J.: 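My structure is below; once you've seen it, I'll send some questions.
Throughout, residue positions are numbered sequentially from 1 according to the sequence presented. Atoms within each ligand, like the ligands themselves, are counted from 1 in listed order. Since the model is a prediction, treat every value here as computed from it, not as a measurement.
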Amino acid sequence: MYKPTLDYAQQLDKEDNLAHLRAQFHIPKDAKGNDWLYFTGNSLGLQPKQTQQYIQQELDDWAKYGVEGHFEARNPWMPYHEFLTNSMANIVGAKPLEVVVMNTLTTNLHLLMVSFYQPTKTKYKIVIESDAFPSDRYAVQSQLKFHGFDTEEGLIEWKPREGEELLRIEDLEKIVDEQGDEIALLLIGGVNYYTGQYLDIKRIAEIGHAKNCMVGVDLAHGAGNISPELHDSGVDFAAWCTYKYLNSGPGSLAGLFVHEKHAHNKELPRFAGWWNHNKETRFNMRQPFDVMQGAEGWQLSNPPILSMAAIRASLDMFEEVGMEALRAKSEKLTGYFEYLINQIDTDRIKIITPSNPKERGCQLSIQVKNADKSLHKKLTENNIITDWREPDVIRCAPVPMYNSFEDVYRMVEILKTLL
Ligand SMILES: *Cc1c(COP(=O)(O)O)cnc(C)c1O
């Protein structure tokens, strides 16, 4: 059904009812003013043009009101994080009670493990994917160590089979069947950062819960990319950053999800600060600690409003477009990208990412046999921004908010000439 021509790619752009969104982003350009072909929205999303105005408003209100801005600002800073909650909950398929924006991703994972990693002498192991993002691996290793366990022995890796790249759910089932009595926690990347594989998190939750293990997911590569339906999935907790698909700026704050089933449990161990103390009496300052219900009960500090303003600017766009429309374009765009790559007449290329659109987001991880980093360099010289993973994988994410069908067409044309 697809065709490998520029005319056809441009035709798809004309028919794309989200094509107008591209003009609402700053697209980086080369010295001659040509747009980069930007495929690293999975690493740092591009800047929406309205972000500046959202941040400027808070700077202006700070200038005008000083501390009174907590109540007098056009968007008062006191409840500012609440302005993000509904849109963020929609993006990940959660109830507002279950979601809060705070801290950064790895910090949130640790705070969540304070509550949901409660090892005993016999049930203490943690399962992660063998290709987990390094920060997640370091985080769980340090949790094991913190609780006095051996970081090697306490860590179980869910690995692809010999000669394969992708994870099989049956293999996780087997691990949990056999060792579930020793496993306290499953912490899995909902969309794997390396392969782009979108795992069935509902199934993972069922597998873990059958053996009384807590189940958490890292959605750094999921939020704003796929629709994880967190509430229905039944996972206990989740966290994700907002600077990848959520276009909120370098090092921006992260999201946190705690399932409703834990929302009212005041007995859960957790760290405390004034920001997870009951809002009604927070400024009374002399009350004993009274934890808030829901995800807000994991906050510690009053949040950075300037960073939240950038998140608001981006989430307003997501709210307007809706994940359903984005996902529909995403499947088509990545489908076209995959089609074009498969048209290349070579046996050097293999797409590692699942071919089933339901098992991936927008990213394709392309393995190029006998290639080295010079290929990545040449792509960059041709204005194609991708991410290189040693030894031979290009990670490439056509993002439905701002990438076009023409972008992927041009990218593949250039890749062809470089091979
Ligand atoms: C991007 C990413 C991180 C980064 O963590 P920060 O705390 O935001 O620096 C962690 N885990 C995963 C899976 C990621 O994709």
J.: Can the positive tip of Arg395 be found less than 6.0 Å from the middle of the six-membered ring of Trp388, inside 45° of the ring normal?
T.: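 Arg395 over Trp388 ring: no.
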J.: Pairs under 3.5 angstrom only: tabulate donor-acceptor contacts from the side chains of residues 176-188 to other protein residues two or more places apart or in another chain.
T.:
{"from": "Glu182", "atom 1": "OE1", "to": "Lys125", "atom 2": "NZ", "distance (Å)": "2.7"}

J.: Measure from every N or O atom of ligand 1 to the protein's N or O atoms and keep only the pairs below 3.5 Å, writing each with atom names and distance to 0.1 Å.
T.:
{"from": "ligand 1", "atom 1": "5 (O)", "to": "Thr106", "atom 2": "OG1", "distance (Å)": "3.3"}
{"from": "ligand 1", "atom 1": "7 (O)", "to": "Thr106", "atom 2": "N", "distance (Å)": "2.9"}
{"from": "ligand 1", "atom 1": "7 (O)", "to": "Thr106", "atom 2": "OG1", "distance (Å)": "2.6"}
{"from": "ligand 1", "atom 1": "8 (O)", "to": "Tyr243", "atom 2": "OH", "distance (Å)": "2.5"}
{"from": "ligand 1", "atom 1": "11 (N)", "to": "Asp136", "atom 2": "OD1", "distance (Å)": "2.6"}
{"from": "ligand 1", "atom 1": "11 (N)", "to": "Asp218", "atom 2": "OD2", "distance (Å)": "3.2"}
{"from": "ligand 1", "atom 1": "15 (O)", "to": "His221", "atom 2": "NE2", "distance (Å)": "3.1"}
{"from": "ligand 1", "atom 1": "15 (O)", "to": "Lys244", "atom 2": "NZ", "distance (Å)": "2.5"}

J.: Is Lys244 positioned over the aromatic face of Phe133, cation under 6.0 angstrom from the ring centre and no more than 45 degrees off axis?
T.: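 Yes.
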J.: If we ignore hydrogens and angles and just use 3.5 Å, is the side chain of Ser248 paired with the main-chain N or O of Leu246 as donor and acceptor?
T.: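 Between the backbone of Leu246 and the side chain of Ser248 there is a qualifying donor-acceptor contact (under 3.5 Å).
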J.: Return the set of residues passing salt bridge (Lys or Arg N to Asp or Glu O under 4.0 Å) with Glu320 (not counting sequence neighbours), or none when no residue passes.
T.: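 Counting only residues at least two positions away or on another chain, Glu320 forms no salt bridge (Lys or Arg N to Asp or Glu O under 4.0 Å).
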J.: Once salt bridge (Lys or Arg N to Asp or Glu O under 4.0 Å) is applied, do any residues pair with Lys202, and if so which ones, sequence neighbours excluded?
T.: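 In terms of salt bridge (Lys or Arg N to Asp or Glu O under 4.0 Å), with neighbours along the sequence ignored, Lys202 is linked to no residue.
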